[in-house]
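Treat the numbers as computed from the prediction; the structure is a model and nothing was measured. Each ligand, and each atom within it, is numbered from 1 in the order the structure gives.
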Amino acid sequence: MKCRKCGQKAVINMRQHKLALCKEHYLEWIPQQTQRFIEKYRMFTPEDRILVAVSGGKDSLALWDILHRLGYQADGLYIGLGIDGGIGYSAESLRCCQNFAQQHGLKLRVVDLKSEFGHTIPELAQKSARGRGKPCSVCGLSKRNIMNRVAREEGYTVLVTGHNLDDEAAVLFGNTLNWLGGYLRRQSPVLEASHPGLVRKAKPLCRFYEREMAAYALLRGIEYIYDECPHAVGAKTIYYKEVLNRLEAERPGAKLRFYLSFLQAKEEGLFAPPEKETQELTSCVSCGQPTTAGELCSFCRMVEKDYAVSR
Ligand code: Q46
Ligand code: ZN
Ligand code: ZN
């Protein structure tokens, strides 16, 4: 297989694009495409101050690398979840993020859940009814609260995450199987801030396949944590990813078409919100974040109750 641009040996063949590229041209193509998506979905401009949520995995570190290469002002945010799972998951992922930041002279902000809020994610999941022993719901809630809070308090205008096409298609598949209208309406490459207390969110990698990101990270020599979070085992999205991979193997491009046709249908008004869908948001009295949950937001209720008990 030869590179379509220069005829040298190709390192990747993207059947869905009918495009094979050599290392040099692939490493050029990815940032060019990312820039196209940033503009197409009006994610941000060079004037924005960008906060990249980094987990130590290939996608978020590749995203940080791409934004840096494109000349954006992007700092990293790492949230220490305190997950070990017998593989030192959090410690190793933090090390990868710090290593990347240091190599590229970039600023990494670290928030450690245990030292700032008293508990790790597994501890919170044990205590909280919301977790019922499974940490992902507690973890998602904590990450959303902290990411938005840091972005707001430190003057970032946009928060970006490394979700790739496989992630987005799996979530879309789950939401479609259950026709979850509210989630379908909100799923988008860019989510405008619907309240002064919220920061705009964007997913610049949403049109890249996971294997394209893995190839990019590898070819750029980015050191990332290979292991998935140990709590991801058995998650529904992993099952949806497998189903979609089977479809993709037989019909190259199926995943991308599924996602892009959804975006198109949305643009054409298929998921327009009902006229009276206004959710009242108030500010949490403890952390100031917008909430629909009453005086205290769900995150503060969870950590304050547990924290107060253990102090
Ligand atoms: S980090 Fe957290 Fe994920 Fe681990 S505990 Fe679940 S939600 S699986 S992206
Ligand atoms: Zn080439
Ligand atoms: Zn709060």
Side-chain angles (χ1 to χ4, degrees), residues 1-14 19-30 32 53-60 78-87 89-90 92-94 113 116-117 119-126 128 130-150 152-153 161-164 166-168 170-171 195 197-198 219 225 227-239 241 281-307:
M1 188 68 64
K2 290 194 170 144
C3 171
R4 190 206 278 174
K5 300 208 170 158
C6 69
Q8 300 283 316
K9 188 172 174 290
V11 290
I12 189 162
N13 179 24
M14 294 169 283
L19 178 66
L21 293 171
C22 70
K23 176 176 174 180
E24 185 195 330
H25 286 117
Y26 185 64
L27 291 180
E28 245 175 52
W29 182 79
I30 290 280
Q32 280 166 1
V54 286
S55 65
K58 62 181 183 321
D59 302 294
S60 55
Y78 175 84
I79 303 175
L81 305 169
I83 294 172
D84 181 74
I87 51 170
Y89 176 74
S90 285
E92 180 58 14
S93 54
L94 172 62
L113 222 62
E116 298 201 23
F117 300 98
H119 293 294
T120 62
I121 288 295
E123 288 167 359
L124 278 175
Q126 281 277 314
S128 142
R130 178 182 264 271
R132 279 192 218 101
K134 244 295 192 199
C136 293
S137 145
V138 162
C139 182
L141 171 69
S142 307
K143 287 194 285 198
R144 281 193 299 278
N145 182 290
I146 293 168
M147 289 189 297
N148 191 68
R149 189 190 307 203
V150 172
R152 281 283 330 275
E153 289 177 0
T161 53
H163 293 96
N164 59 40
D166 294 49
D167 300 321
E168 291 300 295
V171 168
H195 181 277
L198 290 171
L219 293 169
I225 179 161
D227 292 301
E228 289 255 16
C229 168
H231 300 294
V233 177
K236 265 199 210 129
T237 45
I238 296 196
Y239 172 67
K241 280 183 184 180
L281 286 174
T282 53
S283 293
C284 167
V285 293
S286 173
C287 73
Q289 300 282 298
T291 176
T292 51
E295 284 203 335
L296 277 183
C297 74
S298 314
F299 175 74
C300 288
R301 224 179 306 151
M302 176 178 75
V303 290
E304 297 205 346
K305 186 178 74 201
D306 294 332
Y307 206 12

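- Of the N and O atoms on the side chains of R149 and N145, at least one donor lies less than 3.5 Å from an acceptor on the other residue.
- Nearest protein heavy-atom contact of atom 4 (Fe) of ligand 1 is C229 SG, 2.2 Å.
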Residues I146, F117; criterion side-chain contact (heavy atoms from CB on, under 4.5 Å); working and verdict: CA-CA 11 Å; I146 293 168; F117 300 98; 3.9 Å; yes
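- Closest N/O/S atom of H25 to the Zn ion (ligand 2): ND1.
- Close approach of ligand 1 to A232 (heavy-atom distance below 4.0 Å) involves ligand atoms 8 (S).
- Remark: E28 CD is packed, more than 12 non-hydrogen atoms of other residues, nucleotides or ligands lying under 6.0 Å away.
- Residue contacts with ligand 1 include K143, since one or more of its heavy atoms lies under 4.0 Å from the ligand.
- Scanning C139, S137, C136, A235 for the heavy atom closest to atom 6 (Fe) of ligand 1 points to C136.
- Side-chain contact check for W29 versus L19: some heavy-atom pair is nearer than 4.5 Å.
- Between K236 atom NZ and C136 atom SG the span is 12.0 Å, to the nearest 0.5 Å.
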